[in-house]
Amino acid sequence: MGFRILVTDDIDNEGVELLRAVPDFIVDDVPTLPADQLLARIADYDAIIGRSATKVSETLLKAATRLKVVGRAGVGVDNVAIDAATRLGIAVINAPAGNTVAVAELWFGVMLSLVRHLTRANVSMQEGRWDRSDLLGTELKGRMLGIVGLGRIGGEIATRARAFGIKVSAYDPYIAEDRFTALGVARVATLAGLCAVADILTVHTPLTAETTGLIGVKELASLRPGAIVANLARGGIVDDNALRVALETGHLRGAALDVYAAEPVKGDHAWRRIENVVLTPHIGASTAEAQRNVAVDACEAVRDALLRGDLSRSLNVTMPAGDWSLLRPVVDLAQRAAEVARTLLADHGARAIQSLTLTRGADLAAAGTTLLSAAALGALEGVIDESRLNLINARAIATSRGITLGIAEDSAQAHPRAIEVRIVADGQEMRIGGVAPIDAAPRLTRVGPFHVDVAPRETLIVLTNRDVPGVIGHVGTALGDAGVNIAEYHQARLAEGGEALAVISVDGPGGADLRRTLLDIPDVQSASVIHFPAVE
Ligand code: NAD
């Protein structure tokens, strides 16, 4: 049986040729179509591949009765109605890795431009001057580069930096030791530690709740006088205002920016008055090669999805066999249990996950891998670029990050729909257990060695404290003062007078300072706040 594929938005020909080479495929390569024309012909196709210009709306997807795959030659999928595609069982595939080298090479371009004043030199020549004395630069050799986020792009920069004789350190608490060793990069345990040693600080993390404003007033002030800062990742990771102040006061020597908190940056913007910056208009991925790479990546992934049913590159979820409404609560429970385990470990300084094991009750045999995917999702959420992470690809991403995944059946589990997630990170272990009865809301039943009973709803607080009188009252008062409403409060202890643990379910997201407030309460030893992503 043949497949018809609609290729649009002028994606690179190398990708199109790869599809044409498959005898079973009929490929129509058309320029970007007006919405009504696309709607009129979409029912003929098994797959559509494009870039951001073509809007793949819910209306279009509903009309696309044969459609199995949407391919996006690039990273962003803002133009695709993913939730609708998921509901309709249509895979959405993107191409996140093809841009890596383009960004890494741009980094060296802007960095050399900065330290050798290349843009100023060029302007002075074009204006007919010969300003050599004004253009004394510095060398990159021997500098200490501090990379925040040693993923694909951070890694490519590290590799190339060695050729320049640059020393490289990095901070990435979510990456295992082996990657640092393989890249020849010195691992720094804290961001503060990296700021203390870096001559050039560069960020290459996704924009997440944790990385928003990651480099702010405090971090910039802690850099050595004369340091350089670069953000070619996502606007908002470095606080633009704080950066401008640090440049204006002369504390920093320079900065290189490709991304901004609010884009596009046009007209009489604040950066125009800052001299020691190299600014580019979000062109990290703008190379012919990157465009070809993303076209080839997307076309290969669509080809494999159609021919082999390989959905490992898919961004969205296809419904598992069986009754989704019965499976959904336990899938959510596994994801949340993993999120709790990861947060508790991270709050105890253990972030690099080595293994994740999902133990399931007897009635969940068929759901094992889906539950493991959900647990992997919970363990990675907020750590890697979220637009690329979902139930379908969570296991593959976890494995590629060196996390050993396993499923075990525990026939002795008290409940046939019970699960337990066990995560080991930096040698520390955390087990979170729960149960999702068919006729009642899911509950968490175990946190480490403690037996608990609480529903993981919007936000969960986990506290450990010395088992002395008065703590519950102090916690209640502190939460009340912070305007946080308690839905459930479960107190557990192993032995009288020893360590006690409280699991508190609260309404709303809690505040940014909630953890700090709780840690300030006398006798509270640790506090973690876990806010669960909304479930539609
Ligand atoms: P990646 O997912 O491969 O790597 C991101 C790394 O950041 C991961 O190793 C992760 O462990 C680490 N990380 C996450 N949270 C962290 C934290 N709080 N502290 C330290 N490290 C943390 O992503 P990538 O492909 O290398 O992309 C990096 C960034 O570059 C992304 O923000 C991406 O959107 C951006 N990007 C920009 C352009 C451009 O045009 N300028 C093009 C492509 C990608």
Side-chain angles (χ1 to χ4, degrees), residues 52 73-78 94-107 109-110 146-159 169-180 182-183 185 187-195 198 201-216 219 230-238 256-261 263-265 278-287 289-291 293-294 297 342-343 346 351-353 379-389 393-394 396-398 400-403 425:
S52 56
V75 185
V77 284
D78 314 349
N94 69 345
N99 297 330
T100 306
V101 170
V103 180
E105 291 191 359
L106 178 68
W107 190 92
V110 292
I147 300 179
V148 184
L150 197 60
R152 278 183 291 251
I153 294 171
E156 291 293 338
I157 291 174
T159 305
S169 295
Y171 164 69
D172 189 332
Y174 300 108
I175 284 282
E177 190 72 45
D178 291 359
R179 180 164 169 82
F180 285 83
L183 289 167
V185 172
R187 182 177 201 170
V188 180
T190 62
L191 180 57
L194 191 70
C195 290
L201 186 76
T202 188
V203 294
H204 299 285
T205 68
L207 181 67
T208 64
E210 194 183 1
T211 63
T212 301
L214 189 66
I215 309 300
E219 290 72 25
N231 183 5
L232 279 66
R234 279 291 175 262
I237 299 173
V238 177
L257 298 175
D258 187 46
V259 291
Y260 309 86
E263 296 180 12
V265 179
V278 171
L279 307 173
T280 47
H282 204 146
I283 55 166
S286 300
T287 66
E289 292 84 351
Q291 293 311 311
N293 290 342
V294 294
D297 284 357
R342 175 181 73 77
T343 309
R351 290 177 170 173
I353 300 177
L380 293 174
E381 214 151 34
V383 173
I384 70 161
D385 204 337
E386 282 180 29
S387 66
R388 306 201 298 254
L389 181 66
N393 59 15
I397 291 177
S400 75
R401 292 171 68 84
I403 300 174

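Residues: numbered from 1 along the sequence shown. The analysis underlying the following values was restricted to heavy atoms, covering all of them including side chains, and did not include hydrogens, waters or symmetry mates. Atoms within each ligand, like the ligands themselves, are counted from 1 in listed order. Quantities reported herein were computed from a predicted structural model and do not represent experimental measurements.
- Proximity of Pro96 to Arg152: side-chain heavy atoms (C-beta onward) are separated by under 4.5 Å at one or more points.
- Interface atoms of ligand 1 facing Ala285, defined by a heavy-atom separation under 4.0 Å, are 40 (O).
- Contact between Leu150 and Ala158 at its shortest, heavy atoms only, is CD1-CB, 4.4 Å.
- Distances below 4.0 Å separate heavy atoms of Val383 from the following atoms of ligand 1: 10 (C), 13 (N), 14 (C), 15 (N).
- Atom numbering of ligand 1 starts at 1 in the shown order; those under 4.0 Å from a heavy atom of His282 are 39 (C), 40 (O), 41 (N).
- The atoms of ligand 1 that sit less than 4.0 Å from any heavy atom of Gly149 are 7 (O), 12 (C), 21 (N).
- Heavy-atom minimum distance, Val75 versus Asn99: CG2-ND2, 3.3 Å.
- Close to ligand 1: Pro173, with a non-hydrogen atom less than 4.0 angstrom away.
- Annotation: side chain of Arg342 is not in contact with side chain of Leu380 (no heavy-atom distance under 4.5 Å).
- Considering backbone and side-chain N/O of Asn99, none are found under 3.5 Å from N/O of ligand 1.
- Near Val103, with a cut-off below 4.0 Å to any heavy atom, the atoms of ligand 1 are 38 (C), 42 (C), 43 (C).
- Listed by number with element, the atoms of ligand 1 under 4.0 Å from a non-hydrogen atom of Arg401 are 8 (C), 9 (O), 10 (C), 11 (O).
- Ligand 1 has no nitrogen or oxygen under 3.5 angstrom from a nitrogen or oxygen of Gly154.
- Contact of the Asp172 side chain with the Val148 side chain is not registered, since no non-hydrogen atoms from C-beta on lie closer than 4.5 Å.
- For ligand 1, the atoms sitting less than 4.0 Å from at least one non-hydrogen atom of Arg234 are 32 (O), 34 (O), 36 (N), 37 (C), numbered in the order shown with element in parentheses.
- For the pair Ile237 and Arg234, the minimum side-chain heavy-atom distance is below 4.5 Å.
- No side-chain donor-acceptor contact under 3.5 Å links Thr280 and His282.
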Does Ser169 form a side chain to side chain contact (heavy atoms under 4.5 Å, CB included) with Leu194? I'd like the steps, not just the answer.
CA-CA 7 Å; Ser169 295; Leu194 191 70; 3.7 Å; yes
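- For Leu232, a nitrogen or oxygen atom sits less than 3.5 Å from a nitrogen or oxygen atom of ligand 1, counting backbone and side chain alike.
- Not a single N or O atom of Thr211, backbone or side chain, sits closer than 3.5 Å to an N or O atom of ligand 1.
- If you number the atoms of ligand 1 from 1 as listed, the ones under 4.0 Å from a heavy atom of His204 come out as 5 (C), 6 (C), 7 (O), 28 (C).
- Taking both residues in full, the closest heavy atoms of Ile153 and Ala104 are given as CG2-N, 4.5 Å, listed atom of the first, atom of the second, then distance.
- Of all the heavy atoms in Ala352 and Ala176, the pair that sits closest is CB-CA, 4.4 Å.
- Under a 4.0 Å heavy-atom criterion, Thr208 is not in contact with ligand 1.
- At a 3.5 angstrom cut-off on N or O pairs, Thr100 does not count as close to ligand 1.
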